[in-house]
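Below is one structure; the comments refer to it alone.
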Amino acid sequence: MRYISTRGEAPALGFEDVLLTGLATDGGLYVPESLPHFSLEEIRSWRGLPYAELAYKVMYPFVEDAIPADDFRQMLDDTYAVFSHQAVAPLVQLDSNEWVMELFRGPTLAFKDFALQLLGRLLDYVLEKRKQHVVIMGATSGDTGSAAIEGCRRCEHVDIFILHPHQRVSEVQRRQMTTVQGDNIHNIAVKGNFDDCQRMVKESFGNQSFLGGKTQLAAVNSINWARIMAQIVYYFQASLSLGGPDRSMAFSVPTGNFGDIFAGYLAKKMGLPINQLVIATNRNDILHRFMSGNKYEQHQLEHTLSPSMDIMVSSNFERLLFDLHGRDGAAVKTLLENATRGPVSIEDYRWKHARKVFDSDAVDDKATCDTIREIYEQNEYLLDPHTAIGVRAARNCRRDSAVPMITLGTAHPAKFPDAISESGLSVEPQLPAHMADLFEREESYTVLDNNVSEVQGFIARHWKNA
Ligand SMILES: *Cc1c(COP(=O)(O)O)cnc(C)c1O
């Protein structure tokens, strides 16, 4: 399978190169040139498969040129064995035809483990074959950093440097990053804010001379295609558990960068019957404003109780825009260049096309807390604030009560205790047993000034073969 850029000018690449690349050279994102399509009969034959085996069926067409089948199977077995539930992505019922899919049974208690546990293994496999080494450099305000560190801790050919804003991430989130020991793992606390961290990462990708040509940077944010690919699987898994593909499903997805929900859109295009995808945002609602009024316009960043969805622009949305424009890269390029200068719209018929499957809702902090409380009172079940936004949007946007509605449970409630206490509940979410000693584990991180040459110098001195 070949991968092409959403802006139409960068060269097409194979899977290995897409895995190691961040943005395409024309500033676009890579997408598969064509998607595999599965018949209902084939999907039906997957009922009852263990998660790792289903993952193989769904993903192998994307990687087959690069990885022999047995090696890929082994990688998937290893990836999903680290999850703490036999079903990997278990469903919990909220109401007669309403479910939460718990995607937080991985090592860092958020859905990002599904992709980053696989990404670490894919990187090491490809780098071993090519006798190459990479340095992962990333900025995090929370979930991505810890999932990336856990995903790369055993990689031989990867050093990982994660920048977080010093004293500005929650203690659970910091400890999930800084208590992972390994000589290829480096946590940097920058005396600045998240934007400062992100700016330094961007600048470093733009000019990698500080590495002296001996290694190269790789990205682990959700512009990396492999992350999207891994997230397609659980849509199939949920559907097959609830009578699919012989009935259609609806999904509600707490959304920030549009990665997770884009995977659901791909599942539909690959043949899974999905009749509704709900984009659930917090007050950072650029996607909701687009879906409800065909206007794409950047607003100021708001800090909310669901920090993993606090974004101003939504990077993977470009991948949907590419399809909505008949895969015309030049049109996408023009549109997004215009969008940096002010509000943009797309042709009405294209927007209406998107609205056939997507609905959207924006949920503020108060409604988030109300939902956490309501679900707890109804079911004695605790939602994290991101998942609560998904459930609220699912209930507000539901089209057909005969269609099962599945909200993606993106994080464990113990990761975000502030939202639980703000909701007025007197319960305290408990960390799962395998993490109960998180607050006793030894931390290691380095505090650096908000200065790019200091950070780059640190990286240059500390990667494995420096
Ligand atoms: C990353 C994240 C999201 C948003 O996912 P996108 O793929 O960026 O839309 C939602 N909830 C949690 C808990 C997250 O960590």
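Order of appearance sets the numbers: ligands from 1, and atoms from 1 within every ligand.
The nearest heavy-atom contact from the protein to atom 6 (P) of ligand 1 is Asn257 N, 3.6 Å. Closest to atom 11 (N) of ligand 1, if we only count protein heavy atoms, is Thr410 OG1, 3.0 Å. Counting protein heavy atoms only, atom 4 (C) of ligand 1 is closest to Gly256 N, 3.6 Å.
With a 4.0 Å cut-off on non-hydrogen atoms, Phe258 touches ligand 1 through its backbone and not its side chain. The proximity of Thr255 to ligand 1, defined as any non-hydrogen pair under 4.0 Å, involves the side chain as well as the backbone. Contacts between Met309 and ligand 1 below 4.0 angstrom, taking non-hydrogen atoms only, involve the side chain exclusively.
Near Ala411, with a cut-off below 4.0 Å to any heavy atom, the atoms of ligand 1 are 13 (C). Proximity to Lys112 (heavy-atom distance under 4.0 Å) selects the following atoms of ligand 1: 1 (C), 2 (C), 3 (C), 14 (C), 15 (O). Every atom of ligand 1 is numbered from 1 in the order shown, and the set under 4.0 Å from a heavy atom of Gly259 is 6 (P), 7 (O), 9 (O).
Backbone and side-chain nitrogen or oxygen atoms of His386 are examined, and none is located within less than 3.5 angstrom of a nitrogen or oxygen of ligand 1. Close N/O approach between Phe111 and ligand 1 is not found [any backbone or side-chain N/O within under 3.5 Å]. Among the atoms of Gln231, none of the N or O lies under 3.5 angstrom from an N or O of ligand 1.
A salt bridge is defined here as a Lys NZ or Arg NE, NH1 or NH2 lying under 4.0 Å from an Asp or Glu carboxylate O, and Arg154 with Asp124 fails to meet this definition. Salt bridge status for Arg399 with Asp359: present, with a side-chain N to carboxylate O gap under 4.0 Å. A salt bridge does not link Glu98 with Arg398: every distance from a Lys NZ or Arg NE/NH1/NH2 to an Asp or Glu carboxylate oxygen is 4.0 Å or more. Classification of Glu318 and Lys333 as a salt-bridged pair fails, no side-chain N sitting under 4.0 Å from a carboxylate O. Ion pair Asp323/Lys269 flagged as a salt bridge, since at least one NZ, NE, NH1 or NH2 atom sits closer than 4.0 Å to an Asp/Glu carboxylate oxygen. Of the charged side-chain nitrogens involved, none lies within less than 4.0 Å of a carboxylate oxygen, so that Arg199 and Glu203 do not count as a salt-bridged pair.
Within the set Thr281, Asp260, Leu408, the minimum heavy-atom distance to atom 7 (O) of ligand 1 is found for Asp260.
Residue contact annotation: Pro254 has a non-hydrogen atom under 4.0 Å from ligand 1. Within the structure, ligand 1 lacks Phe104 among the residues with a heavy atom less than 4.0 angstrom away.
In this structure, Pro404 and Leu242 approach most closely via the heavy-atom pair CB-CD1, 4.3 Å.
Partner of Tyr235 under the ring-ring contact (aromatic ring centres under 6.0 Å, His included) criterion, out of Tyr265, Phe251, Phe262, Phe114: Phe251 alone.
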